[in-house]
Amino acid sequence: MARVISKGSIPDYLAYRPPLYPLLLGVIYMLFGDGALIPRLLQIFIGVISCVLVQRIGSRLFGNVCGFFAGIIASITGLIVYFDLELLPTSLYIFLMLLMINEMLKIESGTGSALKAGIWFSLGCLCRPTLLTFFPIAVLWLWNGGTGKKKTGMFGIAVLAFLLFSTVSHIAIKSGPVIVSSQGGVNFFIGNNVESDGMTARLPGFGAGWSWDTIESWAEAYKGKPLTPAAVDKVFWGLGFSEIQSDVGGFLNRTIRKAGLFWNRYEISSNRDLYYHGRSFPIIGFLMKLSFVLFLPFALVGFFANLKSRNTKLIVYLLVVYYLSTLPFFVNARFRHPLTPFLIVGSMGAIQYLIKQFGKREYPKNLIVIIIAFFIGTILPFSTSSGIDPERWDYGLFTEGKALERSGRTAEAEQNYILALEHNPRAPYVNYHLGELMRARGNLNGAVNYFQQELEIQPQFGKGWNELGVVQIDRGNQDKALQCFERAVSVQPGLKEAARNAARIYAYKGIAASEMEDWTHVYKNAKRANDLEPADPIYRVLLLESRFHMGDTVGISNELGSLLKEFPSLPPVIELSALLHSKINSR
């Protein structure tokens, strides 16, 4: 997306993701080329400013000493450092959240700007739209603090103006009424379908390797017509709610699981195995010990001990709303990580509070509450198992293998995949990638073996069935290939490539039957080809031709006329039209 923007174009799928980060990355690519160095340097700079903002927020909440140490801790926290180097919106989003909260705290002290707070809030929403759920809380907090109608109104107008501009822009590029992005629906479906594990972006039939084309094809196949991104989003919201209605008990279980996973003791990887790469980069691995889980018990103590403060309440409201807004979707490290800076601030506040209390040689008046808060923060990470084993290397080897494969180092990629299977013989998608490598080398038997092993692990993996069918075509086994393509379509109706491949085989069978004038079989094969690819005129012509030879000259007349208007220069249409007219005129 960013590369398309860097060339001065607006991608058709702009609505697919929140626009701010791709636009920023596109501008950087436009000015400096599409290398990773400049964006990473910019994100490191943003990360440095974020640490300063953590210091300022900590100072406003709990004093200068607390703020100082909060800023230092933020600068050496593993995931904060890690995400500054990833080309993902996480660091930018954290930066904007910190700017917004810092400005709101300044408003409380009488020095802040409601307009600035609204701008930072809006940009944060354009980076990750779940922040929108915090908007009513932010407005109420400003209003109740005596900020005044004018400043509260300025905040609201700034936020709504940006969102209105975003919506109008999406309408202008024919995406439909998309406020920020059209990905919310598919994420909602992913987090609530019966196959969901609550923590990975696996789309049924496609796994984690899906794209906008994938979900667009699925939605259009489901509706049977072309759709705008806004309409695609609506389809997946509907599918998600249908899953919930069909299995309310399962939905409750999945939601409870996600509620626990958010606080779990291991970082749930999305793009890369954080622990594997932590071993590859020992500094990051060491700094990861300063983690979400370590901060949580102390943060809860810090917030509970200072809950009478309006400033503390603002942070607590943010934590609660952010947490609840994540649960309808799915949980992983980069979705919970934006709360880490605020937990660091709370932790430093707790330590400072306890030092002061015990320095007076007296127990805190709310000691029981503090003990309960610390206990909750300690047991929450162990309440739900993510199934992650930080000592298992299969996912890290797999993701590293994919990176090697993309760079053309296929022999090294193959070794990584094989090692991944040694660590976990049922690691998903590894056999699939090995199958692709074997097919590229012409080792068709090896490709079939790997694809079949993948499908034993994931029988609902539509792309796997399609690729197995392609290899069967290469081996000259048309019937087995057709079975694979039909299986792919049955498990994933929106898989256009599989539908197209199956339709072609049916068409070949129909043409072969026409040479033998077996029009019943021509009709049967042409009908299935047309069902799979209704937009292809060749299959429609073949279907009409079979009906013509079966005596349905009257029935096909109108359909053929419409087809001739749509494709006036297509030879098979012209020939069949001439044949029909000749038949009619000879009567």
Side-chain angles (χ1 to χ4, degrees), residues 18-20 50 53-54 56-62 89 92-170 177-181 183-184 187-188 237 262 299 303-304 306-329 335-336 338-339 341-343 345-346:
L20 185 62
S50 293
L53 289 168
V54 169
R56 291 187 177 177
I57 291 169
S59 296
R60 293 183 189 283
L61 262 64
F62 306 122
L92 178 61
Y93 180 57
I94 290 172
F95 174 63
L96 293 169
M97 283 181 68
L98 290 169
L99 279 171
M100 181 263 294
I101 291 296
N102 184 58
E103 199 64 37
M104 291 181 73
L105 294 176
K106 287 170 66 178
I107 292 171
E108 180 69 8
S109 65
T111 61
S113 165
L115 180 61
K116 284 184 182 179
I119 291 171
W120 301 138
F121 188 98
S122 303
L123 293 175
C125 292
L126 296 179
C127 201
R128 190 168 290 167
T130 48
L131 185 59
L132 275 169
T133 55
F134 187 62
F135 177 65
I137 303 298
V139 170
L140 288 172
W141 187 84
L142 288 169
W143 183 276
N144 290 334
T147 304
K149 294 180 181 179
K150 184 177 179 180
K151 283 192 175 183
T152 306
M154 287 176 63
F155 174 82
I157 289 169
V159 173
L160 296 175
F162 270 81
L163 297 178
L164 179 62
F165 176 76
S166 174
T167 305
V168 170
S169 298
H170 281 120
V178 174
I179 298 175
V180 176
S181 80
Q183 197 178 355
N187 284 346
F188 181 69
W237 280 105
F262 190 93
F303 292 136
F304 274 109
N306 296 277
L307 201 53
K308 291 181 180 179
S309 164
R310 258 179 55 82
N311 289 348
T312 302
K313 286 179 180 176
L314 177 66
I315 307 301
V316 171
Y317 294 152
L318 176 66
L319 295 176
V320 171
V321 171
Y322 187 97
Y323 169 56
L324 294 176
S325 69
T326 303
L327 300 187
F329 306 102
F335 291 152
R336 79 172 184 180
L339 296 187
F342 301 103
L343 295 184
V345 170

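Just so you know, residue 1 is the first one in the sequence shown, and it goes up from there.
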Query raised in the report: With no hydrogens and no angle check, is any side-chain donor or acceptor of S166 less than 3.5 Å from a backbone partner on F162?
Result: no
Report summary line: Note: Q183 and P18 closest approach over all heavy atoms is OE1-CD, 4.3 Å
Report task. Give, for atom CE of M104 and atom CD1 of I57, the distance between the pair rounded to the nearest 0.5 Å. Result -> 11.0 Å
Report task. Evaluate the side chain to side chain contact (heavy atoms under 4.5 Å, CB included) criterion for residues E103 and I119: first the C-alpha distance (whole Å), next the side-chain angles of each, then the deciding distance (0.1 Å), finally the verdict. Result -> CA-CA 10 Å; E103 199 64 37; I119 291 171; over 6 Å; no
Query raised in the report: At what distance, to the nearest 0.5 angstrom, does SG of C125 lie from CH2 of W120?
Result: 14.0 Å
Query - NZ on K151 to CH2 on W143, rounded to 0.5 Å - result: 14.5 Å
Query - Any donor-acceptor N/O pair, R310 side chain to W141 backbone, under 3.5 Å - result: yes
Report task. Please report the C-alpha distance between L132 and L163 in whole Å, then the side-chain angles of each, then the deciding distance to 0.1 Å, and finally whether the side chain to side chain contact (heavy atoms under 4.5 Å, CB included) criterion is met. Result -> CA-CA 10 Å; L132 275 169; L163 297 178; 3.3 Å; yes
Query raised in the report: Pick from N311, L307, V321: which one makes a side-chain contact (heavy atoms from CB on, under 4.5 Å) with V316?
Result: L307
Query raised in the report: With a 4.5 Å heavy-atom cut-off, do M97 and L318 have their side chains touching?
Result: yes
Report task. Could you please spell out the steps behind the side chain to side chain contact (heavy atoms under 4.5 Å, CB included) verdict for L142 and I107? Result -> CA-CA 8 Å; L142 288 169; I107 292 171; 4.0 Å; yes
Query raised in the report: Can you tell me if N102 uses its side chain to pair, donor with acceptor, with the backbone of L98 under 3.5 Å?
Result: no
Query raised in the report: What are the two closest non-hydrogen atoms of V180 and P19, and how far apart are they?
Result: O-CD, 3.5 Å
Query raised in the report: For the atom pair OG1 (T326) and CZ (R128), what is the distance rounded to the nearest 0.5 Å?
Result: 8.5 Å
Query raised in the report: With distance as the sole test, does Y322 use its side chain to make a donor-acceptor pair with the main-chain N or O of F335 at under 3.5 Å?
Result: yes
Requested in this report: Return yes when atom CD1 of I137 has more than 12 non-hydrogen atoms of other residues, nucleotides or ligands closer than 6.0 Å, and no otherwise.
Outcome: yes
Requested in this report: State, to 0.1 Å, how close T130 and Y93 come at their nearest heavy-atom pair, and which atoms those are.
Outcome: OG1-OH, 4.4 Å
Query raised in the report: What pair of heavy atoms forms the shortest contact from L131 to F121, and how long is it?
Result: O-CZ, 3.4 Å
Requested in this report: Just say parallel, tilted or perpendicular for the rings of F135 and F155, cut-offs at 30° and 60°.
Outcome: parallel
Requested in this report: Mind listing the closest non-hydrogen atom pair of A117 and M100 along with its distance?
Outcome: O-CG, 3.8 Å
**Report entry** Gap separating the SG atom of C127 from the CG atom of L96, nearest 0.5 angstrom
**Finding:** 6.0 Å
Query raised in the report: Under 6.0 Å from the CZ atom of R336, do we count more than 12 heavy atoms belonging to anything else shown?
Result: yes
**Report entry** Between OG on residue S122 and CG on residue L160, distance to nearest 0.5 Å
**Finding:** 8.0 Å
Query raised in the report: Yes or no on side chain to side chain contact (heavy atoms under 4.5 Å, CB included) for I101 and F342, after CA distance, side-chain angles and deciding distance?
Result: CA-CA 10 Å; I101 291 296; F342 301 103; 4.0 Å; yes
Report summary line: Heavy-atom closest pair (S181 atom, P129 atom, distance to 0.1 Å) is OG-CG, 4.2 Å
Query - Any donor-acceptor pair under 3.5 Å from T133 side chain to S325 backbone - result: no
